[in-house]
Chemist: 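Dropping a structure here in structure tokens format, bear with me for questions.
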Amino acid sequence: QKEVEQDPGPLSVPEGAIVSLNCTYSNSAFQYFMWYRQYSRKGPELLMYTYSSGNKEDGRFTAQVDKSSKYISLFIRDSQPSDSATYLCAMSLNAGGTSYGKLTFGQGTILTVHP
Amino acid sequence: GAVVSQHPSRVICKSGTSVKIECRSLDFQATTMFWYRQFPKQSLMLMATSNEGSKATYEQGVEKDKFLINHASLTLSTLTVTSAHPEDSSFYICSARSAAPGNSPLHFGNGTRLTVT
């Protein structure tokens, strides 16, 4: 069993739809959770990060963490064609120190938003 | 915002040669940088942690003599793929975190596409 499971999709939605992306994890020691967006042949771009259970909102994006269920989500409201990319969840054991950079990534979900 | 620059963006080399990839933090100091590898349609896998002024820490299964890492300053880390072979062809991505206090997130470079012929 992988430490982080993410449905690879692909996911195709019409413009304006609400998109829900999810990851589950098995290691309860993970404390820091991130969502990255990766366009083709580019490095991942940080979208959201959080270190506690609950919701965090930034514009059209909402990140949700449920540590009791070991489940994280990213919601995209009013999705746009420019949101078409691969979305990667990532998590780490600690919020600081060198171990912070040892991110464990999900497989990534390919999202296409069509006009 | 924090910017991590990686160079070159793409390189093609012949089998047996060595390739150096640079990773720079442009507007912040990074005592620690990280090197990841990503195969097509797969996720990122951490290869090693690069520590300024000391030896890198490699993940299990990563050959330290093949993937040489140097972190000579607070803004530059290099990854050298030595005696490259076709199976080393991959997308190599570096990342860095500010050395400033607090929980700053990790930022990634745009990656280097290595093709070994």
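Numbered from 1 within each chain, the chains take letters A, B, ... in sequence-line order.
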Chemist: Using a cut-off of under 4.5 Å on heavy-atom pairs, state which of A:Gln38, A:Glu45, A:Gln6 scores highest against chain B.
Modeler: A:Gln38

Chemist: Is it true that the NZ or CZ of A:Lys67 lies under 6.0 Å from the centre of A:Tyr25's six-membered ring and within 45 degrees of the ring axis?
Modeler: no

Chemist: Mark yes when over 12 heavy atoms from residues, nucleotides or ligands other than A:Arg41 sit less than 6.0 Å from its CZ; otherwise mark no.
Modeler: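 No - once you tally the heavy atoms of other residues, nucleotides and ligands closer than 6.0 Å, there are 12 at most.
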
Chemist: Within a 6.0 Å radius of atom NE2 on B:His7, are there more than 12 heavy atoms belonging to other residues, nucleotides or ligands?
Modeler: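 Not buried by this count: 12 neighbours or fewer within 6.0 Å.
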
Chemist: Given that the side chain runs from C-beta out, which part of B:Gln38 has a heavy atom under 4.5 Å from chain A: side chain, backbone, both or neither?
Modeler: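 Answer is side chain: those atoms of B:Gln38 sit under 4.5 Å from chain A.
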
Chemist: Taking A:Arg77 first and then A:Glu57, would you say they form a salt bridge - that is, a charged N and a carboxylate O separated by under 4.0 Å?
Modeler: yes

Chemist: Using heavy-atom distances under 4.5 Å, tell me whether B:Ile93 contacts chain A through its side chain, its backbone, both, or neither.
Modeler: side chain

